[in-house]
Amino acid sequence: MAQQVHQAREGRLRREVGLVPLTFFSLGSIIGSGWLFGALYAAQGAGPASLISWLVAGAGIVLLAVIHAELGGAYPTAGGTARFSHFAFGGLGGYTVGWVSWIYSVALAPIEVEAALQYAANYLPWLMHTSGGTAVLSPAGYAVAAVLMLAFCVINAKGVRLFAETNTWTVWWKIAVPVLTILVLLLVAFRPGNFTAAGGFAPEGLKGILSVTASSGVVFALLGFESAIQMAGESRNPRRDVPTAVITSTLLGVGVYLLLQVAFLGSLSFGDLENGWAHLGFVGEFGPFAGLASALGLGWLAFVLYVDAVISPAGTGLIYTGTQARLLYAMGRDRFIPASFGRVNGQGAPLAGIVCGFVIGMLIFLPFPSWKQLVGFVTSAAVLMYAPAPIALVALRRSDPDRPRPFRVPAAGVLAPLGFVMASLLIFWAGWTTVWHLLAAVAIGAVVFTISQALLPAADRPWLDWRWSLWMWPYFAGMAALSYLGSFDGRGVLPFGWDMLAVTVFALAIYAYALSRPLPKRIVRQYVEEADGNA
């Protein structure tokens with residue numbers, strides 16, 4: 001207890017979390033609203049070939065998760081996705097990735113609350129109303145959303161132990177319901193003929209498969225493995241537990257989602273498909289699995305699914321209320337934003353970040369009042385957050401070779417550049433509209449950073465090391481140009497196929513350029529030692 005009080009006074013997080021809660025942070029983040037909507041939207045965009053979309057997305061996410069597992073085990077610190085880039089590319093690079101990570105994380109609680117309320121509107125219609133053909137939050141729904149967001153904040157503010165216990169019980173439920181749904185649908189109504197019906201296996205071809213991968217909730221559903229990394233500063237044995245938690249949760253999540261898609265496709269009736277895959281839908285716009293259960297006469301399963309549609313997203317929202325606050329904590333400790341974000345309350349929770357997340361989350365509801373409107377943006381922000389990790393992995397192996405690495409990525413010389421290329425393609429497949437919104441958000445981060453630094457005394461400003469993050473700026477500019485010229489919601493100047501080849505070549509060139517300008521070893525070690533001392 002005396003040590004915990006000392007940590008609180010010093011502004012440090014408490015190391016109270018074991019392997020199971022740490023794994024459940026990531027697994028609970030992965031199994032959220034994505035499982036409620038992903039199968040329907042993927043089937044609408046790619047038909048039965050949506051299974052390939054899940055395999056492509058799963059392969060990419062597993063690759064990036066494995067890379068993060070090594071980094072998380074070697075550098076177990078709060079807000080790890082930002083810290084890895086700080087260690088490898090210097091202060092400005094770390095802040096840039098930290099800002100993108102925070103954009104993604106702070107948007108997750110609102111998007112999960114929207115999902116919960118949209119499903120609940122099947123029984124409480126006053127929560128939603130229709131605007132432009134889309135169901136959005138009503139004023140009363142906005143008020144209920146505020147109450148849910150506030151509840152997430154209160155639980156998080158009570159400290160990581162209550163947070164972990166609450167999340168663990170929630171995740172057991174979140175695992176049980178999808179597994180039950182898979183088993184029931186496969187046993188009751190599986191029709192193998194559906195996989196070649198209504199236009200064949202791949203009615204929209206390869207482009208449909210890839211578009212669905214990035215923009216219809218497939219990648220979004222698989223996101224979340226990084227939650228264990230963001231919480232590593234509160235793990236009791238992070239070097240052992242963080243890699244295990246990251247890899248285990250990712251493999252379980254990919255397996256569950258792939259089986260859900262199989263069960264969904266195989267359980268559709270002929271009537272469901274008579275207008276083609278693109279027009280597939282059910283009574284109750286936001287209840288595809290529940291609608292399917294009702295159509296099959298499984299009223300009890302539909303009821304369980306509607307209950308889960310509130311619990312699963314709410315559980316994920318609870319997690320991301322905590323993870324976004326820890327990203328702000330990390331940036332506050334590094335003096336990139338006001339120092340108040342780098343302090344904790346008497347329970348060891350980063351209270352300023354929790355409050356900030358609540359305020360920003362309530363603002364996010366206003367321009368994005370429905371789940372589908374926000375999912376593409378959130379997906380691209382997450383992948384952009386993941387993208388620097390493969391470069392950081394190789395850079396830190398070179399600059400900090402003596403660091404204990406309980407888990408090492410095999411064949412990193414091949415898998416690291418492949419991971420960077422995959423991340424770049426996932427961003428590109430999301431389309432130009434999403435990409436330019438994302439880069440605009442990065443520009444806003446530059447404004448926030450400039451203001452924060454201007455308010456700091458010159459002696460307190462962090463060293464930016466901007467020369468070693470130079471690769472990021474041509475990367476952002478190049479991805480914007482390729483997206484604008486490409487065939488995924490762009491001008492089509494670069495034909496389909498050739499545009500993806502251009503992205504691949506460009507990503508490999510940036511990868512090589514970034515590694516040609518390593519941060520000096522003495523600076524890397526200084527940053528790592530400071531982070532270890534502040535953990």
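For the numbers below, each heavy atom of this structure counts, side chains included, while hydrogens, waters and symmetry mates do not.
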query = With distance as the sole test, does Ser249 use its side chain to make a donor-acceptor pair with the main-chain N or O of Ser26 at under 3.5 Å?
reply = no
task = Measure the OG1-CE distance between Thr96 and Met472 for me, rounded to the nearest 0.5 Å.
result = 5.5 Å
key: Trp471-Tyr511 aromatic ring centre distance below 6.0 Å   = no
key: Side-chain H-bond candidate by donor/acceptor type, Thr379 with Tyr104, under 3.5 Å   = no
query = Are any non-hydrogen side-chain atoms of Trp468 and Pro518 less than 4.5 angstrom apart?
reply = no
request  = Can you establish whether the number of heavy atoms outside Phe476 located under 6.0 Å from its atom CZ is more than 12?
outcome  = yes
request  = Check Ala480 against Val435 and note the closest heavy-atom contact, atom names and distance.
outcome  = CA-CG1, 4.3 Å
note = In short, Ser380 meets Thr434 closest at the heavy-atom pair OG-CG2, 3.2 Å
Considering all heavy atoms, the nearest Pro390-Ala387 contact = CD-O, 2.9 Å
ask   = Taking the side chain from Lys158 and the backbone from Ala349, do they hold a donor-acceptor pair closer than 3.5 Å?
value = no
task = Evaluate the side-chain proximity of Cys356 to Trp102: yes if any heavy-atom separation is below 4.5 Å, no if none is.
result = yes
query = Going by atom types only, do Thr321 and Asn156 share a side-chain donor-acceptor pair under 3.5 Å?
reply = no
request  = Verify, without hydrogens or angle tests, whether Arg333 (side chain) and Gly342 (backbone) share a donor-acceptor contact under 3.5 angstrom.
outcome  = yes
request  = Find the distance between CG (Leu64) and CE (Met385) and round it off to the nearest 0.5 Å.
outcome  = 9.5 Å
Intermediate values then yes/no, side-chain contact (heavy atoms from CB on, under 4.5 Å), Arg403 and Leu396 = CA-CA 9 Å; Arg403 183 79 171 179; Leu396 289 171; over 6 Å; no
ask   = Shortest non-hydrogen contact from Ser399 to Leu519?
value = OG-O, 3.6 Å
query = Under the side-chain contact (heavy atoms from CB on, under 4.5 Å) criterion, do Arg398 and Leu515 qualify, and how do the steps go?
reply = CA-CA 10 Å; Arg398 296 176 182 177; Leu515 289 177; 3.8 Å; yes
task = Answer with yes or no after comparing the ring centroid distance for His86 and Tyr75 against a 6.0 Å cut-off, counting only values under it.
result = no
query = Backbone N or O of Leu351 within a donor-acceptor pair of the Asn345 side chain at under 3.5 Å?
reply = no
task = Might you work through the side-chain contact (heavy atoms from CB on, under 4.5 Å) test for Val171 and Ile31, ending with a clear yes or no?
result = CA-CA 8 Å; Val171 173; Ile31 302 179; over 6 Å; no
note = To the nearest 0.5 Å, atom CD1 of Ile451 lies from atom CD1 of Ile337 at 13.0 Å
inquiry  = Looking at every non-hydrogen atom in both residues, tell me the closest pair between Gly353 and Phe341 and how far apart they are.
reply    = N-CD2, 3.8 Å
key: Any donor-acceptor N or O pair under 3.5 Å, side chains Asp400, Tyr527   = no
ask   = So do Arg397 and Glu70 actually touch side chain to side chain, heavy atoms under 4.5 Å?
value = yes
Phe358 vs Ile354, side-chain contact (heavy atoms from CB on, under 4.5 Å): CA-CA, chis, key distance, verdict = CA-CA 6 Å; Phe358 173 79; Ile354 292 171; over 6 Å; no
request  = For the residue pair Phe420 and Ser424, establish whether any side-chain heavy-atom pair is separated by less than 4.5 Å.
outcome  = yes
key: Backbone N/O of Pro406 and side chain of Arg408: donor-acceptor pair under 3.5 Å   = no
request  = Check Leu117, Leu137, Val113 against Val144 for a side-chain contact (heavy atoms from CB on, under 4.5 Å) and give me the one that passes.
outcome  = Leu117
request  = Kindly say whether Tyr513 contributes a backbone atom to a donor-acceptor pair with the side chain of Arg517 at under 3.5 angstrom?
outcome  = no
message = Any side-chain to backbone donor/acceptor pair from Tyr95 onto Ala446? Under 3.5 Å, distance only.
response = no
Separation between CD of Glu114 and CG of Leu148, rounded to the nearest 0.5 Å = 12.0 Å
task = For the residue pair Pro495 and Trp498, establish whether any side-chain heavy-atom pair is separated by less than 4.5 Å.
result = yes
task = Could you tell me whether a side-chain N or O of Glu112 sits under 3.5 Å from a main-chain N or O of Leu318, the two making a donor and an acceptor?
result = no
request  = Take Tyr386 and Phe84, measure what ring-ring contact (aromatic ring centres under 6.0 Å, His included) needs, and give me the verdict at the end.
outcome  = CA-CA 11 Å; Tyr386 296 155; Phe84 305 151; over 10 Å; no
ask   = Which residues satisfy the ring-ring contact (aromatic ring centres under 6.0 Å, His included) test with Phe506, sequence neighbours excluded?
value = none
key: Side-chain heavy-atom pair Tyr320, Val106 within 4.5 angstrom cut-off   = no
ask   = Would you say the side chain of Val503 lies within less than 4.5 Å of the side chain of Asp499, judging by non-hydrogen atoms?
value = no
ask   = Donor-acceptor pair, Arg239 side chain versus Gly73 backbone, under 3.5 Å?
value = yes
inquiry  = Closer than 3.5 angstrom, by distance alone: can the side chain of Trp432 be matched with the main-chain N or O of Ser483 as a donor-acceptor pair?
reply    = no
query = What's the spacing between Leu71 CG and Thr77 OG1 if we round to 0.5 Å?
reply = 12.5 Å
key: Heavy-atom closest contact (Leu482 atom, Ala502 atom, distance)   = CD2-CB, 3.9 Å
request  = Rounded to the nearest 0.5 Å, what's the gap from CD1 on Ile391 to OG on Ser85? Could you check?
outcome  = 8.5 Å
query = Do Phe428 and Met479 have side chains that get closer than 4.5 Å, going by heavy atoms?
reply = yes
